Amino acid sequence: MLEITYVRQNPEDVKKRLAVKHFAELHLVDELLVIDETRRQTQKVLDDNLARQNAIAKEIGDLFKQGKKAEAENKKAEVAQLKEDSKSLEVKLADAEQDMRNILVRIPNLPNPQVPEGKIPEHNVVVKQVGEIPALAEGALEHWDLAKKYDLFDLELGVKITGAGFPVYKKQGAKLQRSLVSFFLDEAEKAGYMEVIPPHMVNEASAFATGQLPDKEGQMYHITVDGFYMIPTAEVPVTNIVRDEILEEKNMPAKFVAYSPCFRREAGSYGKDVRGLNRVHQFEKVEIVQIAHPDKSYQVLDEMIAHVESLLQKLELPYRILRLCGGDMSFSSALTYDFEVYSAAQKRWLEVSSVSNFETYQSNRLKTRFRDENKKTRLVHTLNGSALALPRIVASLLENHQTANGVRIPAALQPYTGFSAIS
RNA sequence: GGUGAGGUGGAUGAGUGGCUGAAAUCAGCAGUUUGCUAAACUGCCGUACUGGUAAAACGGUACCGAGGGUUCGAAUCCCUCCCUCACCGCCA
């Protein structure tokens, strides 16, 4: 959520920046300000009213103690009307607060000034491209055919057990998953991240705090009997570690890394996008999260980008980094970089990571603050990124590194797999 | 699943109707003392909204798991819900 004080003080800036995101309901900003004004006025009147009531209650107490019963009884009548007024004021205030919240959750985060203009993925800016696009030999296979050839994963089997989009990894394919997870975790640990293994289901409060609810409700698997949600990313449980906390500045940035399976309903996807491992309902991901000082969060973002880059380089995959345009970035992000690897047999770029700075948009919901040098509480900045999501890495790894005799495993990964080639 | 206990500030933990936004202790912060460390002593030490201010100071309101109720007045009494812990059963 945006901070209401900022909106109140900078309404034109807010509108200007929301326009970059192609936010269609700019009128909400003005509505918000009107409601905020009502809210504050109502609160003032109500507070005064309650203050008066408190004062009278005190007087009555004193009068009773002095044995002045009749006077005390008189005062009681005076309170009755005040209480009556308070009731309606309380309703009015609660309504205003509810309305304000309802609007705030519909307004996306403000894009950082670096966010490029644009509406569609084609308008994203390629800031960097690294690595050679491999020229594959005649007869090179796409990863789903390689999987068949080497018996690495089985989608049909997953259909029997669960349904479409739940792969069963086998043999060297299974080992590869485990190796990648370990590799990513170890690299993150070297970069100073603290590993956590979070719950794979979260309660409603957690899902709300990171913004999955209400906007992405349909994308999560919902365990209705218990009111839990299967996590769509470790970002949700991990970021909630600091929910309702006030951090010490000396403990920042807090750096977390977590491996978890991710569960996504992916309603409405189809076609070549879902072929093979391109898009599945359950997948493995290592996620990095940082809780940073507002003045340093963009430095932190750069550091996270460098970390993700180093992973892709060690896996010897050609990649490019996109700075997402206003229209393509997520609701709650202020600045997002997507990482794509080239999948040489499919001849297309696949998104494998998304690294974002949310500034205070998440922390405002999370109520995660720190104490600044003046001992005042301020909202922290939250950032997260995949480092990395496995399926498309596997797809690209298989396709790019395939040879006539098998699939070469990059040197950095071999200590984990224990084999140098899939065959 | 059964039974019992309990949810109070960063922690422990007191508090059965007004003197309690909340004792005490510990931790933390500032200072005094001190060759250093330790110890001792003094003061400070919740959050949110809101008024006020250039910013502070300062003021108001709310919050003792959540929501309702009783009362002039609720952490304290009543109701509903949620959660946690312990023991038993079952399971890994």
Side-chain angles (χ1 to χ4, degrees), chain A residues 1-10 32-105 197 199-209 213 223-229 237 240-252 254 291 360 362-380:
Chain A
M1 287 189 299
L2 294 181
E3 294 171 81
I4 185 63
T5 45
Y6 186 82
V7 181
R8 186 153 69 218
Q9 285 158 16
N10 310 280
L32 182 67
L33 292 174
V34 171
I35 291 167
D36 178 49
E37 188 57 35
T38 308
R39 180 190 126 255
R40 287 192 297 152
Q41 277 174 8
T42 308
Q43 175 161 15
K44 180 81 183 100
V45 178
L46 175 62
D47 282 357
D48 290 348
N49 198 316
L50 290 173
R52 181 80 191 115
Q53 283 179 52
N54 287 341
I56 294 176
K58 201 156 238 168
E59 287 171 33
I60 291 175
D62 291 341
L63 289 170
F64 270 123
K65 247 175 262 169
Q66 293 162 28
K68 298 178 180 167
K69 240 182 146 193
E71 269 181 68
E73 291 301 328
N74 274 340
K75 291 267 181 192
K76 285 191 191 181
E78 203 177 319
V79 174
Q81 183 59 46
L82 288 169
K83 280 185 74 167
E84 198 62 28
D85 295 346
S86 296
K87 265 214 167 95
S88 60
L89 285 166
E90 265 166 23
V91 171
K92 193 175 169 192
L93 180 64
D95 284 350
E97 281 172 349
Q98 187 59 49
D99 290 348
M100 191 166 102
R101 198 171 176 77
N102 287 343
I103 290 183
L104 276 172
V105 299
I197 300 181
H200 297 166
M201 298 184 203
V202 293
N203 57 31
E204 208 173 291
S206 295
F208 182 82
L213 292 179
I223 315 290
T224 48
V225 264
D226 297 296
F228 297 153
Y229 292 87
N240 270 281
I241 289 172
V242 295
R243 168 152 57 94
D244 292 324
E245 299 287 338
I246 299 174
L247 306 179
E248 293 297 325
E249 198 171 335
K250 63 173 189 274
N251 295 330
M252 290 164 54
I291 313 297
T360 60
Q362 276 187 333
S363 61
N364 194 24
R365 276 200 199 187
L366 288 157
K367 294 282 165 284
T368 304
R369 295 92 84 210
F370 72 100
R371 223 175 281 284
D372 69 13
E373 61 277 12
N374 301 319
K375 306 247 181 211
K376 291 198 67 159
T377 58
R378 282 174 67 188
L379 293 171
V380 300

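Fair warning: this is a prediction, and the values are worked out from it, not measured in the lab. The sequence lines fix the lettering, A, B, ..., with proteins before strands; numbering per chain opens at 1.
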Which whole-number value in Å describes the distance from [X] [atom1] to [N] [atom2]?
X	N	atom1	atom2	answer
A:Glu204	B:C82	CD	C1'	13 Å
A:Leu379	B:U47	CG	P	14 Å
A:Lys58	B:C19	NZ	P	6 Å
A:Glu249	B:G28	CD	P	19 Å
A:Asp244	B:A66	CG	P	12 Å
A:Glu245	B:G10	CD	P	9 Å
A:Asn74	B:C72	CG	C1'	12 Å
A:Lys92	B:U61	NZ	C1'	17 Å

- prompt: Sequence neighbours excluded, which residues qualify as salt bridge (Lys or Arg N to Asp or Glu O under 4.0 Å) partners of A:Lys44?
  reply: A:Asp48
A:Glu37: salt bridge (Lys or Arg N to Asp or Glu O under 4.0 Å) partners, not counting sequence neighbours: A:Arg40
task: Could you tell me whether A:Arg52 contacts a base, only the sugar-phosphate backbone, or nothing, with contacts defined as non-hydrogen atoms closer than 4.0 Å?
output: nothing
field: Value rounded to 0.5 Å, distance of CD in A:Glu245 from CD1 in A:Ile291
entry: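 So the CD of A:Glu245 and the CD1 of A:Ile291 are separated by 11.0 Å.
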query: How would nucleotides 48-60 of chain B be written as a contact map, 5' to 3', with B for base contact, S for sugar-phosphate-only contact and - for no contact, using protein heavy atoms under 4.0 Å?
result: SBSS----S---B
Which residues pass the side chain to side chain contact (heavy atoms under 4.5 Å, CB included) test with [X], sequence neighbours left out?
X	answer
A:Ile197	A:Glu195
A:Glu59	A:Arg52, A:Lys75
A:Asp372	A:Phe370, A:Asn374, A:Lys376, A:Arg378
A:Arg365	A:Met1, A:Val105, A:Phe208, A:Pro214, A:Asp215

- prompt: Tell me the salt bridge (Lys or Arg N to Asp or Glu O under 4.0 Å) pairs involving residues 86-105 of chain A, sequence neighbours left out?
  reply: none
Distance between [atom1] atoms of [N] and [M] (Å, rounded):
N	M	atom1	value
B:C41	B:C49	C1'	39 Å
B:G69	B:G60	C1'	26 Å
B:G13	B:U20	C1'	16 Å
B:A27	B:U12	P	15 Å
B:G52	B:A56	P	13 Å
B:G46	B:A22	P	10 Å
B:C85	B:U71	P	38 Å
B:U25	B:A62	C1'	28 Å

message: Just to be sure I understand the geometry, which residues of residues 79-91 of chain A put a non-hydrogen atom under 4.0 Å away from RNA chain B?
response: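 Output list: A:Val79, A:Lys83.
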- request: Represent RNA chain B in dot-bracket notation, 5' to 3'. Only Watson-Crick or G-U wobble pairs with both distances under 3.5 Å count; pseudoknot-style crossings use [ ] and interstrand partners use |.
  value: ((((((((.[[[..)..(.....]]].(((((.......))))).((((((......)))))).[[[[[..)....]]]]])))))))....
message: Walk me through whether A:Val380 and A:Arg369 qualify under side chain to side chain contact (heavy atoms under 4.5 Å, CB included).
response: CA-CA 5 Å; A:Val380 300; A:Arg369 295 92 84 210; 5.6 Å; no
message: Regarding A:Glu78 and A:Asn74, do their side chains bring together a donor and an acceptor under 3.5 Å, going by distance alone?
response: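 No, no side-chain donor-acceptor pair sits under 3.5 Å.
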field: Nearest-nucleotide 5' precedence on RNA chain B, A:Lys76 against A:Arg371
entry: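 Going by which nucleotide is closer to the 5' end, it is A:Arg371.
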task: Given side chain to side chain contact (heavy atoms under 4.5 Å, CB included), test A:Leu213 with A:Tyr229 step by step and report yes or no.
output: CA-CA 10 Å; A:Leu213 292 179; A:Tyr229 292 87; 3.8 Å; yes
For A:Ser86, side chain to side chain donor-acceptor pair (under 3.5 Å) partners two or more places apart: A:Asn49, A:Gln53
task: Output all residues satisfying side chain to side chain donor-acceptor pair (under 3.5 Å) with A:Asn364, sequence neighbours left out; order by chain, then residue number.
output: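 Not a single residue meets the side chain to side chain donor-acceptor pair (under 3.5 Å) criterion with A:Asn364.
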